[in-house]
Structure formats: C-alpha cells, structure tokens
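Have a look at the structure below, then the notes.
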Amino acid sequence: MQLNPSQQEAVHAIRGPVLVLAGAGSGKTRVITEKIAHLITRCAIPARHIGAVTFTNKAAREMKERVGQTLGREYTRGLTVSTFHTLGLTIIRKEVKNLGMKSGFSLFDDQDSFALLKALTEDEIDADKAMLKLLQSQISNWKNAMLQPQQALEQAKLPDEQMFAEFYRRYQQNMQACNALDFDDLILLPTMLLKTNESARERWQKKFQYLLVDEYQDTNTSQYELVRLLVGKDANFTVVGDDDQSIYSWRGAQPQNLALLQRDFPQLQVIKLEQNYRSCKRILKAANILIENNPHVFDKKLFSEMDEGEPLRVIKGRNEEHEADRVVAEIVRQRFLARTPYHFFAILYRGNHQSRVFEKALLNQRIPYRMTGGQSFFARAEVKDIMAYLRLLVNPSDDTAFIRIVNLPKRGIGPQTVERIGELAHELHVGLYEAAQHHQLETRLGTREYAQVQEFVQLISQAARRCDHPPEVASTLYGLVKEIGYEEWLYEVSPSQAAAEMRYKNINELLRWVTEMVKGDTENEPLTLEQSVAKLCLRDMLSRNEEEDQADQVQLMTLHASKGLEFPHVFMVGMEEGLLPHQSSIDEGNVEEERRLAYVGITRAQQTLTFTMARERRQYGDVMKPEPSRFLFELPQDDIEWEEQRAANEEAKEQQRQSGMDLLRKALEKN
DNA sequence: ACGCGCCGAATTTTT
DNA sequence: TTCGGCGCGT
C-alpha cells in the first residue's frame, strides 16, 4: 500500500530535526521503517551510520525485522536498532576506559538495587518497604535528572532529603565496589561522558549521522539529553511520539520533552499523522472526544476511513464476578455467532489484581487465555539464582550475587561465615569473592567452614576459567548446575513435583538462551559470556517462544501493557470511579494521565469496544457501590449503548405494545 | 515433607 | 477483609 501524503512527508524530511506526531494506529512503525530504507537507498547514508532507538526489545526486534523485509538483509548490515538501554550499554562498552570502569560489570535490575538498598539501610534505620521503594525511586529520579550524589546532597534541604541523598551516595559507592550498574546508569553514564568528553562526543556524533527515536513521549530527562548530545549541531534526526499516549510519567517520562524540542530546535519540522488505519469511525470519534478533555500543546484530530462500526456498549454486572461472567458470555456468543477466534478478544484492566476474576470465569468456561505481564520470567527465584551464578562468573566483584548463592543450595556456609568473610573483605577493601580466596581467611574460620568456602571458590573459579574458551561455555554451565545439585534441591524445596519440574524447565530455558547467544548463528554474531549475561539482564534474548504468541487465546493485560497493540474486539473492564481513573490519581489530581490511559485502551479496538463495570465491588473486605467512570460520560453519548438504557427502551416498546393491545381489546369489548 | 501460621498487598513497571 | 506466599518448626 502507498504511503499517505503526511507519511511521505515524514519519510522524506531528512534535513534537520523532525517531530512526527503519530496518532494511535497511524502507521508510525511503517514510517520509521520506510524512512530508514529511504535513508539507506536514496540518501546514500551507510546503514552503520544510522541509529534507531526504541523503548522495548520487542519494538526493536520488530523494527529490525521490518527493515530487513523492506530492504533485504544485506543492506541492513551494521544498522543500529536498539533500546535506549542497549544503546547506552554499547557506548559504555566502547568507552570503558574513558569511564574509568572495569569490564565484566554486572547489571542490577530493580530487585537487585532494592536488595542493596535494604542491606545498606538495615543497620541504620528501620525503613519499611514503602520507604525503601520511595528511596529507590528518589535515587532513580536523581539519576534521570542527571544529579550526582554530591549535588543531591547540596540541594537537599529537609533532613529526610539529606538522609536519602546520603544513602544515594552510599548506594553509588557500593555499586562501584561491586563493579555494577543499574538501568539508569546505562543512560546516565553515556550522557555524562558525551557531555564532558569532546572527543567521545565527536566520535559518537560521527557514528550516528542520522538518529530516529520511537515513543518519544516516554523519554526522561537524561534520555533526551543523550539524544541531544548524539545528534549534535547538525541535528539530523526524527522523533516519533504521541503526547496523548504518554502513560509513564510516574516512571520519570517527561512528555514535555515533545514541547521542549521546539524550544531547543527552533527549526523543528512538525508533521502530524492523523489518519488512523485501525479503528472504525465510532471508536475513533469516541477516542477523539474523550481526549479533547485534556489540554494539548499540539492539536491533532484522528480520522478514519473505515466503516462506521457498531455502537460502543456499556455493560453492568451485579458484582465483579458477574461482570466477568458477562464478558465471557459475550466472548462465547461472538465466537458462536461469527466464528471469531479467541485471540481476537482482549480484556483490558487498570491493575493486575483485576485479572483474577476474569481468569476464573474463563477457566470455568474452558476458554484458553493468555496473561501478559504479572510475574516475569526473570523475577522467578530459580532464574535469579542461576543468574547470580552467571553474574559471579563474569564479575567476581558482584557481592550481591555472591551473597545470594554462596550457600545455595545449602553447602554449610552459614551467616556467621559470610559475616567473617565480609569483615575480611572490608579490611582489605576487596569484594567478598576475593576475600573468600584470601589466605588470611583460613585463620578466621573453622577448618570445616574454611574447607566449604574453598570448595565454593574452586567451583566458581574453575568454571570461570573454562568460560574463557567459548566452545567450553555450554558444557561448563550445564556442568556447573549439575555439580551444585540444583535440580535435586529444587525437588526438595518446591511445594510440588510439578512446581519443581516447572522451575527446572525455566533453568534449562535460561541456559539454552545463554549457550545459543555464545554460539551465535547465521543472524547473530557469537557473543562472550559476559555479553550474553548483559543481554539477559536487559531482557534482550534472541527470540521468545513463538508457540505461545500464536496460540488462539483470549488476551488479558493491563491498559499499560496494551500500548502498541490492537485487537478486533476489546473489553475495557472495571470502568468505575476509583479504578479508572484510579483513586490515587484522583487524590493527586492527575486524572489527565488516567484519561490518556483510557484513550490508549479505546484506540486498541478495531471493530467493537465494550466497557464493563460492577454495581458492587468487594474491596478491603467491605462492599463498595462504585460510580461509573467519569470517562464514560465524556464519550459521545449518541454512539454509546448503556445497558439500562437499552433495557429501558425495550421496556418502553413492550409497554407500547401492551397499551396498543389494551386499546384493541377495549375496542373489541365495546363492539 | 508437610502443615500451620503469620504477614503483607490492594496502581501502572518498556529496561 | 481475604487471599496467597513464605518461612519455620515438627
């Protein structure tokens, strides 16, 4: 299919900064893909000098795939399509020396950081979980705002702030000692480097002669700064975004970055993509009218040349179970009437906890479903365990990993022993693993304990040595897992045999990924173990299992998780004040983001859209009678069928019929 | 190995 | 308030 005029304009605008305001379903991925192709084939920019940045691995994979399809693989060699974080990691790897880092660093995920903060604060203050979360997000905010601990300390006024800033300093100190980086560092470090180091800046500006950024409304301050530093004076770049789909501001995303572009680049070209190719007219109209209730920097009005479509419906259940039953009944009916496959249906909700009743209802009717989100693969304890082994293999300074696995499975190294190792490590200013290897340790531990520690050290160091030879990596890792008796241990501690099997399967999956990455294939260069582990930490695997994606299953997910997807039939459930908009957003006066969330949900639907709610909902044990979401009243009422309204209509019709009959009967009686 | 009892969650989480 | 997960004790 041909590109429409504005899409073409977006593709052909290659001089200077370009902002593409891409409404939902307006074909933005296609525009980015075509633009990359255009740059390579028509503008003679070598693929290796083009960078495209996304937020998710999935988006990056898809984009790579589509550029490959358009151009043929041979033209895309050297093309950079990656997430912000992977790009950051690439820069850090190339600039380790300039950053004063050791290679073989670990990447900490949020859980690791949290654990570190917990350990740091433990013997100082009795911080509860909420406080630690707050501290964690404060540190993240500081990093995203590019503030070093020093500056945070200086700016902190309240004693609480000062305490947080002090923990920030200690956190950074500890991270450095562990030779570890967190996700925010992957952006912050390259940004600071490019800011201060002119030759590095020139190097990377030369590397990326053209830069494209997807989902620009989700960038935070340091990401925007990184983009600015990378594009330099020439400012040849395209960013694509939609301020109406900004739903991650609570994570530090700065949708204002869209507006800032105009200030920072006065020559900015703004191109709007307003034709929607996804939804029928009624759905799109509803979305437009809803979002008009929000203030806008850039005006935009989507239009569709699709069918008018059916009216949007509102269904009310007696309670949340009934609501779920009715959604499921609706799916069954549709499937029966129109042979609609299950994967054409999506159930979207505000919070993960809402999924349970729907799972139950689907299970009752034996309907296959798939839940995205929830507990992720990498949050599973067994995966974290083995990941800790991998991390220690590539980074002996990773104390967090050491502590996790030194006595796992149980090998008689108790907290006492670990404490002693810690003391020695502290005295010698080295990591735990190095201290465990130190001869001074022998005098401080019992013979038995010392022997156990030495066995562990041997285990790791031998495996690490063998991992230096790529052909041996696979056998070493499988051998290591066997040697520590992890499978047997899983069977011991798991609540059921099935659970143990599941867990062991996860471990094998993990090891399969690593070994495949180390081996490489026709598409992917072989990687070192270190690189592979980093990729795993960034959740950037070769390919996820596709059977699950393709199975015919009803899709269950949060509204957040639905961004970027589309479904023929969408159910937005729990459309109640307090849920959507969420109570805490109402309290904080941030209903606008909730409205955008509703907007995202609505614009996922292609053919039909059904809102549901419960008249009664159990919450904290007592029963609530929620009001319908205010967003339902903001929608064009002509295009909405409220259930009771329809019921009322039918009742009225029935009454008419009745009274007609009455009249007739009376007339007959008279005669 | 199993069971009991206690504690925590209840908003979203691209990396 | 309730449910689920985890940890400890037998």
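Only a predicted model underlies this, so the values are computations on that prediction, with no experimental measurement involved. So that the names make sense, note that chain A is the first sequence line, chain B the second, and so on, each numbered from 1.
We find that CG of Leu188(A) is positioned 20 Å from P of dT15(B), with the value rounded to whole Å. Going from atom CG of Leu348(A) over to atom C1' of dT12(B) covers 13 Å, rounded to whole Å. Atom CD1 in Ile247(A) sits roughly 17 Å away from atom P in dT11(B) (whole-Å rounding). Taking atom NZ on Lys360(A) and atom P on dT2(C), their separation rounds to 13 Å, with Å as the unit. Going from atom CG of Leu490(A) over to atom P of dA1(B) covers 13 Å, rounded to whole Å. When rounded to the nearest whole Å, the span between CG of Asn220(A) and C1' of dT15(B) equals 11 Å. The distance from atom CZ of Phe84(A) to atom P of dT14(B) is 17 Å, rounded to the nearest whole Å. Regarding His560(A), its NE2 atom lies at a distance of 16 Å from the C1' atom of dT15(B), rounded to whole Å.
The pair Arg391(A)-Asp398(A) meets the salt-bridge criterion, since a charged nitrogen lies less than 4.0 angstrom from a carboxylate oxygen. Looking at Glu323(A) and Arg615(A), no side-chain N of the basic residue comes within less than 4.0 Å of a carboxylate O on the acidic one, giving no salt bridge. Between Arg404(A) and Asp112(A) there is no salt bridge, since no side-chain N of the basic residue sits under 4.0 Å from a carboxylate O of the acidic one. Arg512(A) and Glu516(A) are joined by a salt bridge, as a carboxylate oxygen and a charged side-chain nitrogen come within less than 4.0 angstrom of each other.
Distances were taken from every side-chain heavy atom of Glu588(A) (C-beta onward) to each of dT13(B), dT11(B), dT14(B); the shortest belongs to dT11(B). For Arg356(A), taking side-chain heavy atoms from C-beta onward, the closest of the listed nucleotides dG4(C), dT14(B), dT11(B) is dG4(C). Among the nucleotides dT15(B), dT11(B), dT13(B), the one closest to any side-chain atom of His353(A) is dT11(B).
Between the base of dT11(B) and the side chain of Ser584(A) there is a donor-acceptor pair shorter than 3.5 Å. If you check distances only, the side chain of Arg350(A) does reach the base of dT12(B) with a donor-acceptor pair under 3.5 Å.
Phosphate proximity of dT12(B) to Asn352(A): present, with a side-chain N or O under 4.0 Å from OP1 or OP2. For the OP1/OP2 pair of dT13(B) and a distance below 4.0 Å, the side-chain nitrogens and oxygens of Thr558(A) include at least one atom meeting the criterion.
Using a 4.0 Å heavy-atom distance criterion, Asp110(A) is classed as a base contact. The residue Asn57(A) sits close only to the backbone: its heavy atoms come under 4.0 Å of sugar-phosphate atoms, none of a base.
When ring centroids are compared, Trp250(A) and Tyr248(A) come within the 6.0 Å threshold. When ring centroids are compared, His343(A) and Phe567(A) stay outside the 6.0 Å threshold.
Stacking is found between His582(A) and the pyrimidine-like six-membered ring of the dT11(B) base under the 5.5 Å centre-distance and 30° plane-angle cut-offs. Tyr248(A) does not qualify as a stacking partner of the dT12(B) base, lacking a centre-to-centre distance under 5.5 Å together with planes within 30°.
Nearest-nucleotide positions on DNA chain B place Ser585(A) closer to the 5' end than the other of Ser585(A) and Leu538(A).
Separating the P atom of dA10(B) from that of dT14(B) is a span of 15 Å, rounded to the nearest Å.
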